[in-house]
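Step one of this worksheet: look at the structure below.
Predicted model, so just to flag it, every value in this text is computed and none were measured.
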Amino acid sequence: MAYSTSRETLGLTQPSQIDNPLHIEFDMFLQKLKISFAAKEIDLVEWEGDMLAVGVAEKDMAKDENLKYKNSIMHKLDSRLPGLLSESSSEEDFTGKTGQYMVLRLPGLGSKRICLIGLGSATSAIASYLNLGETLGEVAKNTKSNKIAITLSSTDWISKESKLATASAIATVVLGTYEDNRFKSESKKSTFKSVEILGLGTGYEIDTKLKIAEVVCSGIIFGKELVNAPANVLTPGILAEEATRIAAEYSDVFTAKILDVEQCKQLKMGSYLGVSAASANPPHFIHLCYKPPGGAVKTKLAIVGKGLTFDSGGYNIKTGPDCSIELMKFDMGGSAAVLGAAKSLGQIKPVGVEVHFIVAACENMISGTGMRPGDIVTASNGKKIEVNNTDAEGRLTLADALVYACNQGVAKIVDLATLTGACVVALGPSIAGVFTPSDDLAKEVLAASEIAGEKLWRLPMERSYWKYMKSGVADMVNTGGREGGAITAALFLEEFVDEKVQWMHIDMAGPVWNYKNKSATGFGVATLVEWVLSHSLFVLISNRNVMIT
């Protein structure tokens, strides 16, 4: 593979013991570990393996006057372990609260260990089962378990549809086992091989859901690795090469177009090119097009991701203890979600929907050729923008990307961006803000996020705030000040969307990064996949038609 010549000017940091600059091999994690998923109906106490995990709701920890569990599954397990499970949970103060877990190695079961994981009280929430899966993954890795089974203490209340969604959420156990070791000289390797989900049914439907969950997890891991990669490894050119690899891997449904500087000039992308002007690494405008196999297209969608592989702030350089300049490699988190979703959908192959994946990739740096505060740039739709803050650069790149997306003839656009600190202040680190003038699109994407277990919250498009975006010498400024900063950013983006196109902006500046784990989250991939699937009747995963309900 030929790499960008500008890469020679970068540092020597490379992922350890690999030739590929990112070591983002398609399906590398699942294929290397050969993790298998299966739904089975087996007597819990007879199941044989390394660890039996039980998701336990707080109510299922209740005991009768004889200190016996009222819940039938907990009672059955405790009886087989002559009361040791009840005794140990009391000693460990395990009450089934979210985040709690307890691992015991006790004789009497077919499994070597039993693990109780708290589901809390909101056991109908998909997030509870996502937490169960990821927690179990970490425990499996730490205990060097190869074969595990997962069940729930209560399943009677779960409908058939909910059982499928629950099994899919639990399959995120694979994310809990994953650790990005590409830049570590020594690393812990997981021995995890198989997962059996017990008590949620069997058959083709649940097997397909588990397969889709595997594929989505691989897309999430891909997105995490993109965001985790430092800016001297992941340049705009390398990001474009990774996008091209997706198209090559799934060439039956994908084509790739990468626009260089001259091609972007021809399209009059002055807003995007203004941001990239100071960098030694040239910009790359990425356009992947997914066309469904063997069928007519009912709906055309576009997904646009902010692709700042590093954001210095430009001449409005990021300064101070809270500026997080050292983390600005994650400013391409929107593009990571877009490409992670593309990777997943290339394997799932939904029928009836065409999807355009668009990223205006570049760096925001400082040099004598760079954009200055007070400069005026012209976007590809002719709008003239006075740049009053070079650190509000993401919206400038998205402006031309949104115009380009509308020109593809799409009916709906979702853009994702680590756009404003204001949104983090408003919603905290775990929730992304959603802005759209379309109630119908809001319902679609929020429904998809519920299934995916990712948290979105709709915020207002307050039109009166546009007064803060007015310029004395141009059509608009690029930032309207601190108050309502996430709202004015969304109002700015709306100026570059055709009024006939339904559009949503997702500000994911908060949930892109896990500060506790010091790692990317892969946020957005699962929601995007679910949203696209909601526009398709069938998928062709494993070359078989599957009805999506």
Side-chain angles (χ1 to χ4, degrees), residues 124-130 133 161-162 164-169 171-172 175 208-209 211-220 223 290 292 298-305 333-334 336-357 410-417 427 430-459 501-508 510-512 521-539 541 546-549:
S124 62
I126 290 299
S128 298
Y129 302 110
L130 291 171
E161 291 75 17
S162 294
L164 293 175
T166 300
S168 180
T172 57
L175 299 179
T208 300
K209 276 287 186 180
K211 180 61 179 176
I212 291 176
E214 285 183 60
V215 169
V216 173
C217 284
S218 72
I220 292 172
Y290 170 89
K298 298 186 306 174
T299 306
K300 290 186 179 182
L301 309 175
I303 305 174
V304 178
V338 168
L339 295 182
K343 179 187 183 304
S344 296
L345 291 166
Q347 298 168 78
I348 297 172
K349 305 186 193 311
V351 172
V353 58
E354 178 178 307
V355 191
H356 297 264
F357 302 85
V410 299
K412 302 174 184 180
I413 299 174
V414 171
D415 80 68
L416 300 92
L427 299 178
S430 302
I431 306 171
V434 167
F435 301 86
T436 178
S438 170
D439 292 338
D440 290 340
L441 185 56
K443 290 177 182 177
E444 287 180 12
V445 178
L446 290 172
S449 73
E450 286 288 331
I451 296 171
E454 295 182 318
K455 296 179 181 179
L456 304 180
W457 191 264
R458 189 178 182 185
L459 293 170
V501 177
Q502 293 184 47
W503 160 78
M504 170 183 283
H505 163 58
I506 300 177
D507 192 331
M508 54 181 285
V512 70
T521 61
F523 184 90
V525 173
T527 295
L528 292 176
V529 171
E530 288 293 342
W531 179 58
V532 172
L533 292 183
S534 72
H535 288 83
S536 174
L537 293 177
F538 296 93
V539 301
I541 193 166
V546 181
M547 179 69 76
I548 300 296
T549 58

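Counting heavy atoms from C-beta on, the side chains of Thr172 and Cys217 come closer than 4.5 Å.
Sorted by first and then second residue, the pairs that involve residues 441-457 and meet salt bridge (charged side-chain N to carboxylate O under 4.0 Å, His left out), not counting sequence neighbours, are Lys412-Glu444.
Of the residues Thr527, Val532, Leu533, the one that meets the side chain to side chain contact (heavy atoms under 4.5 Å, CB included) test with Val529 is Leu533.
Interatomic distance, Leu459 CG to Thr436 OG1, rounded to the nearest 0.5 Å: 12.0 Å. For the atom pair CD1 (Ile413) and CG (Leu301), the distance works out to 10.0 Å, reported to the nearest 0.5 Å. Between atom CG of residue Leu456 and atom CE of residue Met508 there is a gap of 10.5 Å, rounded to the nearest 0.5 Å. The structure places CD1 of Ile451 at 5.0 Å from CD of Glu530, a figure rounded to the nearest 0.5 Å. Taking CE from Met504 and CG from Leu446, the interatomic distance works out to 5.5 Å, rounded to the nearest 0.5 Å. In this structure, OG1 on Thr208 lies 9.5 Å from CG on Leu164, to the nearest 0.5 angstrom.
Partners of Trp531 according to the ring pair (Phe, Tyr, Trp, His ring centres under 6.0 Å) rule, which considers only residues two or more places apart in sequence or in another chain, are His535.
Ser536 contributes no side-chain N or O that, together with a main-chain N or O of Val353, makes up a donor-acceptor pair within less than 3.5 Å. Side-chain N or O atoms of Tyr129 include none that pairs as donor or acceptor with a backbone N or O of Gly453 at under 3.5 Å.
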Stepwise side chain to side chain contact (heavy atoms under 4.5 Å, CB included) check, Val434 with Val445: CA-CA 9 Å; Val434 167; Val445 178; 5.7 Å; no
